[in-house]
Enquirer: 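The following block contains the structure, expressed as structure tokens.
Order of listing sets the numbers, starting from 1, for every ligand and every atom in it. Position 1 is the first residue of the sequence; numbering continues from there.
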Amino acid sequence: MQRTTPDGIVIACDFTGIDWDEQIPMIEGHRGSVLSLQALAMAVEGAGEAAENFECVMCKRAYEAGEKSWRHPDPPENANPHAVICWDCIQQADRGFARDPDTPWERQIEPSTRWK
Ligand SMILES: [Zn+2]
């Protein structure tokens, strides 16, 4: 997501609210949504069945309650309080970060047919 500050526009992780400093690994989703590596680590660990219908902030797809997904259990002040990520996007990010030679990340999720 983007936040406007007196110094200009800041890009920040939707899930943790952490500002991008051009160093920390982040992946961009649709319409400016952003997932940081730290948020991905939490998502891989904490993903579970959604309690209610949701729209994934990364891919904008609509899902029904019960789908595997992740939201920050206690969204930090600067985070997007409505940010939810679907399991499909979590897998995609897991693969994406692992493929980036500059990112210290090993795949955490067993490759699937869709995300080999
Ligand atoms: Zn998604």
Enquirer: Are any side-chain N or O atoms of Trp87 and backbone N or O atoms of Gln91, one a donor and one an acceptor, separated by less than 3.5 Å?
Expert: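 Side chain of Trp87 to backbone of Gln91, a donor-acceptor pair under 3.5 Å: no, none is there.
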Enquirer: First locate atom CD1 of Ile24, then atom SG of Cys13, and finally report the distance between them rounded to the nearest 0.5 Å.
Expert: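 Spacing of CD1 (Ile24) from SG (Cys13) equals 8.0 Å.
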Enquirer: Please indicate how many protein N/O/S atoms are found closer than 2.8 Å to the Zn ion (ligand 1), with waters neither displayed nor included.
Expert: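 Excluding waters, the total comes to 4.
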Enquirer: Quick one: pull up CD in Glu45 and CD1 in Ile90 and give me the separation to the nearest 0.5 Å.
Expert: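 With rounding to 0.5 Å, CD (Glu45) is 11.5 Å from CD1 (Ile90).
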Enquirer: If only atom types and distance count, is the side chain of Thr16 paired as donor or acceptor with the main-chain N or O of Ala39 below 3.5 Å?
Expert: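 Side chain of Thr16 to backbone of Ala39, a donor-acceptor pair under 3.5 Å: no, none is there.
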Enquirer: For Ala65, is there any backbone N or O sitting under 3.5 Å from a side-chain donor or acceptor partner on Asn53?
Expert: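 Here the side-chain-to-backbone pair exists.
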Enquirer: Are Asp94 and Trp115 side-chain neighbours, meaning at least one heavy-atom pair lies under 4.5 Å?
Expert: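 No, side chains not in contact.
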